Amino acid sequence: MGNRGMEELIPLVNRLHEALGTVGQSCSLHLPQIAVVGGQSAGKSSVLENFVGRDFLPRGSGIVTRRPLVLQLLNSNIEYGEFFHCKGKKFTDFDEIRREIETETCRLTGSNKGISPVPITLKIYSPHVLNLTLVDLPGITKVPVGDQPADIEYQIRDIIMQYICKENCLVLAVTPANTDLANSDALKLAKDVDPEGAGMLGPELHVQQGI
């Protein structure tokens, strides 16, 4: 089953395309890139999976997202995934997609919590999604573990900034319900690049709490 909200929105967009087509106009809905930012275990994975309506992201304790994941959603009649590094291979099993993300992450970062700014690009074709691009970024942390360098906090901040500083990027700040929004690291980063909040989703509507 796909996400009900997405399923209801897709026909509206399709009708808009059809209506403009009847008068000789084209509809170019280029949705901005949405960067998902939050602390470790804030619930970023659950937010992303809600866009797809599938469970496909790795789970675990500590820092799980150790490379940026560029997630390109493409509306299609059939459902499958494709990785940029596995061109031509279609993944129809979403558990296999999860394992491939884990394998490709470890290929560059090792198996002991290292990080890398080199992104993994995943396209998901599905009748349950809209055409948009999301970026899952490493969770904000302050204390290094495993093979992480002493300046891990600043390295992760640099990776996040590479994405959220772009003009076409919206920031989806994810904060757990037991965190005071005034102390949210995700919101602080978003406000560093967008003090007026014009390109930020949340906190009033889109911050996912209790996930």
Side-chain angles (χ1 to χ4, degrees), residues 1-14 16-18 26-38 43-60 63-109 115-139 159-172 174 199 201 206 208 211:
M1 291 296 291
N3 180 280
R4 177 172 294 179
M6 289 295 177
E7 289 177 336
E8 293 174 349
L9 187 56
I10 289 168
L12 295 177
V13 175
N14 288 340
L16 179 58
H17 278 272
E18 292 169 0
S26 61
C27 180
S28 298
L29 293 178
H30 300 294
L31 296 178
Q33 186 178 82
I34 301 174
V36 184
V37 180
K44 295 189 289 86
S45 295
S46 297
V47 172
L48 282 164
E49 288 174 340
N50 273 333
F51 279 94
V52 179
R54 288 280 195 167
D55 295 336
F56 65 97
L57 292 172
R59 293 291 201 277
I63 184 168
V64 177
T65 304
R66 296 185 286 126
R67 293 174 58 182
L69 175 67
V70 179
L71 180 62
Q72 299 176 351
L73 305 183
L74 299 161
N75 185 250
S76 172
N77 291 328
I78 55 176
E79 189 174 48
Y80 63 94
E82 282 185 340
F83 287 94
F84 181 77
H85 63 274
C86 295
K87 289 182 177 179
K89 181 177 181 180
K90 294 182 178 180
F91 292 77
T92 56
D93 183 342
F94 280 77
D95 287 334
E96 188 179 0
I97 288 177
R98 178 187 295 110
R99 291 191 292 269
E100 183 61 31
I101 292 172
E102 293 171 339
T103 299
E104 179 61 12
T105 295
C106 290
R107 186 181 68 82
L108 281 189
T109 65
I115 65 169
S116 170
V118 179
I120 297 171
T121 300
L122 168 62
K123 292 183 178 180
I124 291 185
Y125 297 82
S126 170
H128 309 303
V129 302
L130 288 175
N131 297 327
L132 57 88
T133 300
L134 303 115
V135 184
D136 185 18
L137 294 165
I159 292 173
I160 293 173
M161 285 295 183
Q162 288 177 24
Y163 289 88
I164 68 175
C165 285
K166 298 176 181 177
E167 290 185 357
N168 70 325
C169 181
L170 294 175
V171 180
L172 177 52
V174 181
L201 300 177
H206 294 275
Q208 299 294 315
I211 296 176

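As the structure is a computational prediction, the values presented were derived from the model and not from experiment.
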| How far apart are the closest heavy atoms of Thr105 and Ile120, and which atoms are they? | OG1-CD1, 3.5 Å
| remark: The salt bridge (Lys or Arg N to Asp or Glu O under 4.0 Å) partners of Lys166 (sequence neighbours excluded) come to none
| field | Sequence-distant partners of Asp93, salt bridge (Lys or Arg N to Asp or Glu O under 4.0 Å), two or more places apart | value | none
| Roughly how far, to the nearest 0.5 Å, is CG of Leu108 from CD1 of Ile115? | 12.5 Å
| message | Can you list everything that forms a side-chain hydrogen bond (donor to acceptor under 3.5 Å, both in side chains) with Ser116? Sequence neighbours excluded, please. | response | none
| query | Is there a donor-acceptor pair under 3.5 Å between the side chain of Glu82 and the backbone N or O of Lys87? | reply | no
| Once you round to the nearest 0.5 Å, how far does CZ of Arg98 lie from CZ of Arg54? | 11.0 Å
| request: With the side chain counted from C-beta on, respond yes when Ile124 and Phe51 share a heavy-atom pair under 4.5 Å apart, and no when they do not. | output: no
| Where Val37 and Leu137 come nearest, the two heavy atoms and their spacing | CG2-CD1, 4.0 Å
| query | Side-chain contact, heavy-atom cut-off 4.5 Å: Leu69 with Leu57? | reply | yes
| field | Close side-chain approach of Lys90 and Tyr125, heavy atoms under 4.5 Å | value | no
| How far apart are the closest heavy atoms of Glu79 and Ser126, and which atoms are they? | OE2-OG, 3.3 Å
| request: Calculate, to the nearest 0.5 Å, the distance between atoms CZ and CZ belonging to Phe91 and Arg99 respectively. | output: 10.0 Å
| note | Smallest heavy-atom separation, Pro68 atom then Ile159 atom, equals CG-CG2, 3.7 Å
| remark: Looking only at heavy atoms, the pair that brings Ala35 and Cys169 closest together is CB-SG, 3.5 Å
| Pair Val52-Leu71, side-chain contact (heavy atoms from CB on, under 4.5 Å): steps then yes or no | CA-CA 10 Å; Val52 179; Leu71 180 62; 4.2 Å; yes
| query | Is any side-chain heavy atom of Val64 closer than 4.5 Å to a side-chain heavy atom of Arg59? | reply | no
| said: Looking at every heavy atom in both Pro127 and Asn75, which two are closest together, and how far apart are they? | reply: O-ND2, 3.5 Å
